[in-house]
Amino acid sequence: MPKVTIDGHEIEVPKGTTILQAARMIGPEVAPPAMCYYTKLKTSGGYCRTCIVKVTKGSAQNPNPMPKPVASCRTEVMDGMEVVNFTSPEVLEARKGVVEFLLINHPLDCPVCDQAGECHLQDLGYEHGAAKTRYDFERRTFEKIDIGDKIQLHMTRCILCYRCVKTADQITDGRVHGVINRGDVAEISTYIENAIDNDFSGNVIDVCPVGALTDKTFRFKSRVWFTKPVDAHRHCDKCSGKVRLWFKGSEVLRVTARKDQWGEVEDWICNTCRFDKKQLSDWTVEGPSRIDRHSVISQGHYELAKLKLDTGKKLKELHGGK
Amino acid sequence: MGKQLLLEHINVPGLARLDVYRANGGYKALEKALKMKPEEVVEEVKKSGLRGRGGAGFPTGMKWSFLAKPEGVPRHLVCNADESEPGTFKDRFLMQHNPHVLVEGMILSSFALGANTSYIYIRGELLYVYHILEKAIAEAYAAGLLGKNILGSGFDLDLYVHPGAGAYICGEETALIESLEGKRGNPRIKPPFPAVSGVWSRPTVVNNVETIAATVPIINMGGEEYAKIGIGKSTGTKLISACGHINKPGVYEIELGLPVEEFIYSEQYCGGIRNGKKLKAVVAGGSSVPILPTELILKTAKGEPRLMSYESLADGGFATGTMLGSGGFIVMDETASVVKNLWNFTRFYHHESCGQCSPCREGTGWMEKVLHRILDGHGKQSDVDLLWDIQSKIDGKTICPLGDAAAWPVASAIRHFRAEFEEYIKNPSSIKDEKHYYNVRNEKAPVA
């Protein structure tokens with residue numbers, strides 16, 4: 001099995017593992033951010049360039065460094081490879097550039113965007129971007145498009161990650177949406193604005209890293225950090241039925257798939273579970289969802305209740321000793 | 001005039017016809033190759049030292065030897081005729097006036113690689129050349145040079161011409177393959193390389209028109225003889241399409257190693273600068289290679305005369321050198337504006353970016369807008385540094401080389417002509433006084 005060293009951490013991984021996957025196995029402290037790569041979607045990744053890293057040693061046989069930064073999500077590890085990510089100022093600078101490129105045409109309408117609070121672009125901009133933009137031209141805008149009666153596409157916010165295209169291609173039958181036009185006027189669109197009519201079409205909302213594809217049954221209902229997530233399941237003959245319910249008071253505001261540490265869904269869910277089952281009586285609740293404590297959503301304070309902590313001491317720990 | 005291999009009979013009337021081409025020694029190389037073993041043909045190409053004529057200059061023989069040969073899987077040869085780089089028009093000229101040299105090259109290269117179905121992917125705008133090639137292929141079929149059992153050798157080949165829809169990006173080999181398969185012309189993420197998984201996931205070699213045509217003289221004269229032409233590792237002849245402020249624009253076949261100064265000023269080639277003006281700058285290999293000012297294009301930084309060869313033009317790296325590229329030789333005289341010219345190039349790359357990866361999709365448009373602002377008279381002094389920073393964040397960070405191609409002209413123009421940018425920003429009225437520019441929207445035609 002090939003051994004790879006990322007930012008000084010060595011790990012042995014199965015053949016065919018990409019640098020990004022290997023970095024995720026080590027942990028979030030070395031894992032590069034990814035905006036377009038999605039583990040569950042074949043051929044995803046390589047587009048956004050946020051996960052670029054520098055390969056300082058190609059492999060044991062060929063110790064030369066790779067001449068250009070590579071997309072870690074699409075580059076397989078070789079035995080003896082050495083990679084630098086957060087330890088390389090060059091990589092950080094390049095990534096900062098990518099973030100700036102992704103943001104120059106983004107409307108930054110977070111105050112009215114339903115994705116705010118769970119938006120990967122927000123996190124990316126906060127963690128890897130610059131505080132100010134140097135772009136002072138008019139931003140690209142599009143009209144909002146309804147894709148079916150439950151999903152709205154707001155291309156203005158899109159970063160063209162192609163995740164929804166791959167989802168529609170691989171999860172649903174008879175794909176009718178893709179990318180039209182090219183360059184900086186390329187847009188995700190349905191074929192002559194056809195509605196996506198498919199049992200699994202709602203998953204494009206979950207894979208969207210930004211607020212370009214939103215759930216119309218949830219639009220403008222609440223900020224996500226005011227809702228409380230719990231894991232629940234029901235017997236469903238179309239999908240696994242394992243979901244996350246987002247409560248406000250006793251009302252289920254929305255249903256999404258469960259997401260893992262990297263913001264990727266664990267199981268695809270069907271549209272019936274997502275859009276039609278909004279009563280608590282439809283579900284068997286398992287318990288509060290685990291949310292990363294850095295997320296604004298975690299201000300629901302479930303961590304404390306769940307871990308039965310000695311409040312004073314553990315609170316201190318929980319907030320990094322502050 | 002140096003040795004002419006591809007353009008030797010170019011002035012013979014009716015050379016596009018099979019009988020005329022054969023009367024001038026055509027298809028001799030094919031007859032010779034079909035009597036050899038495929039590996040021997042590859043060996044001859046290796047010996048010739050032929051390097052890719054599409055821009056990157058990768059040794060062709062080595063590229064051929066990388067082709068995967070799994071049992072029972074067909075292989076393909078694809079000719080990249082999607083020539084769309086501003087300033088480059090050598091392949092169009094060759095295909096239009098001498099289509100049979102390409103057809104012959106395709107047949108013998110397919111034989112060498114063991115491909116039984118080959119394609120010529122031609123740029124969509126060159127539809128008239130497409131018809132010329134179709135006619136040449138029909139003639140070759142009728143003469144038994146294509147189809148089953150070519151010239152009794154037992155080798156079968158079907159050759160197709162596929163017109164694109166006019167996208168520059170389809171000149172990138174994996175985007176070309178996607179387009180050839182009938183998909184959207186987006187570059188693929190490599191690896192896998194086409195030599196392993198190309199058209200329909202089969203091993204594929206993609207070569208430029210001129211590269212494939214050059215295999216004909218190589219087989220005719222032998223690889224070793226061919227390697228004697230040229231200089232060092234730049235062997236053979238190269239088609240150069242010269243344009244801009246010169247007395248004799250056109251396509252010239254040169255022996256690699258010709259001094260740049262001789263190429264520009266000699267009566268055999270460009271014939272000097274138009275209207276007795278002085279030379280200001282040269283883009284030596286098509287719009288994407290770095291622009292060089294007079295002192296660096298005629299002589300290297302070390303003071304040696306600069307030659308038309310892969311090595312000499314690249315001497316000094318990008319700091320003081322450039323690239324031979326695809327051979328689009330754009331000459332600018334003292335009246336030309338580097339900034340306007342750069343804006344025109346950048347506008348092209350902005351328009352042609354496929355939009356897959358973010359640095360190129362967003363960065364090319366941003367650079368164009370900043371340059372347009374400078375030319376509009378609203379530039380800021382910080383814009384020059386901004387342009388430099390944008391290009392540095394595109395260069396090398398993209399899926400395909402289009403990002404690099406968009407970044408290099410900006411970098412080199414700032415590197416060598418920074419003062420001109422600053423002058424435009426400081427003194428916007430100097431832009432209005434400029435009489436010589438080309439292809440600028442809403443402006444009067446250039447005054448000769």
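Just so we're on the same page: letters track the sequence lines, and every chain starts at 1. Heavy-atom basis, side chains included; hydrogens, waters and symmetry copies ignored.
Open room surrounds CE on Met78(A); 12 or fewer heavy atoms of other groups in view lie less than 6.0 Å from it. Shown here is Gln170(A), whose CD atom has more than 12 heavy atoms of other residues, nucleotides or ligands within 6.0 Å. Counting heavy atoms of neighbouring residues, nucleotides and ligands inside a 6.0 Å radius, atom NE2 of His351(B) does not exceed 12 of them.
Closest non-hydrogen pair, Gly396(B) versus Pro69(A), comes out as O-CD, 3.6 Å. The nearest pair of heavy atoms linking Pro359(B) to Val98(A) is CG-CG2, 4.4 Å. Annotation for Arg184(B) and Val179(A): closest pair NH1-O, 3.3 Å, computed over non-hydrogen atoms.
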Lys393(B) and Glu93(A): side chain to side chain contact (heavy atoms under 4.5 Å, CB included), yes or no, with the steps?
CA-CA 8 Å; Lys393(B) 279 170 174 159; Glu93(A) 187 60 23; 3.1 Å; yes

For side chain to side chain contact (heavy atoms under 4.5 Å, CB included), just list the numbers for Lys369(B) and Asp136(A), CA-CA rounded to whole Å, side-chain angles, deciding distance to a tenth of an Å, and then say yes or no.
CA-CA 10 Å; Lys369(B) 285 174 189 165; Asp136(A) 43 11; over 6 Å; no

Side chain to side chain contact (heavy atoms under 4.5 Å, CB included) for Glu362(B) and His106(A)? Distances and angles first, verdict last.
CA-CA 11 Å; Glu362(B) 307 292 350; His106(A) 191 78; over 6 Å; no

Candidate pair Tyr135(A) and Leu386(B), rule side chain to side chain contact (heavy atoms under 4.5 Å, CB included), full reasoning
CA-CA 10 Å; Tyr135(A) 187 76; Leu386(B) 178 63; over 6 Å; no

Worked verdict on Asp389(B) versus Arg134(A) for salt bridge (Lys or Arg N to Asp or Glu O under 4.0 Å)
CA-CA 11 Å; Asp389(B) 200 53; Arg134(A) 295 175 293 173; 2.7 Å; yes

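Annotation: maximal heavy-atom pairing with chain B below 4.5 Å, among Arg140(A), Glu76(A), Lys96(A), occurs at Arg140(A). Interface summary for chain A: among Cys357(B), Ala167(B), Pro191(B), Ser382(B), the most heavy-atom pairs under 4.5 angstrom belong to Cys357(B). With respect to chain B, the highest number of heavy-atom pairs below 4.5 Å among Gly46(A), Ala186(A), Gly45(A) belongs to Gly46(A).
Contact annotation for Ile390(B): both backbone and side-chain heavy atoms come within less than 4.5 Å of a heavy atom of chain A. Only the side chain of Ile104(A) comes within contact range of chain B, with at least one heavy atom under 4.5 Å from a heavy atom of that chain. For chain B, the nearby part of Ile180(A) is the backbone; its heavy atoms alone come within less than 4.5 Å. With a 4.5 angstrom heavy-atom cutoff, Thr364(B) does not touch chain A via any of its atoms. Contact annotation for Glu138(A): only backbone heavy atoms (N, CA, C, O) come within less than 4.5 Å of a heavy atom of chain B. Using a 4.5 Å cut-off between heavy atoms, Asp404(B) touches chain A through its side chain atoms alone.
Side-chain atoms of Arg361(B) do not come within 3.5 Å of backbone N or O of Leu102(A) as any donor-acceptor pair. Remark: side-chain polar atoms of Arg373(B) are not paired, donor with acceptor, to backbone N or O of Phe137(A) under 3.5 angstrom. For Arg49(A) (side chain) and Ile394(B) (main-chain N/O), no donor-acceptor pair under 3.5 Å exists by modelled atom type. Looking only at distances, a side-chain donor or acceptor of Ser358(B) sits under 3.5 Å from a matching main-chain atom of Cys48(A).
Taking 4.5 Å as the limit, some side-chain heavy atom of Tyr162(A) sits within range of a side-chain heavy atom of Asn186(B). Inter-residue side-chain proximity for Glu100(A) and Trp366(B) is flagged as met; some heavy-atom pair is nearer than 4.5 Å. Here the side chains of Glu352(B) and Arg182(A) are in contact, with some heavy-atom distance below 4.5 Å. With contacts defined as side-chain heavy-atom distances shorter than 4.5 Å, the pair Lys397(B)/Lys68(A) does not qualify.
One finds the CD1 atom of Ile189(B) at 9.0 Å from the OG atom of Ser44(A) (value rounded to the nearest 0.5 Å). One distance of note links CD of Gln356(B) with SG of Cys161(A); it measures 12.5 Å at 0.5 Å rounding.
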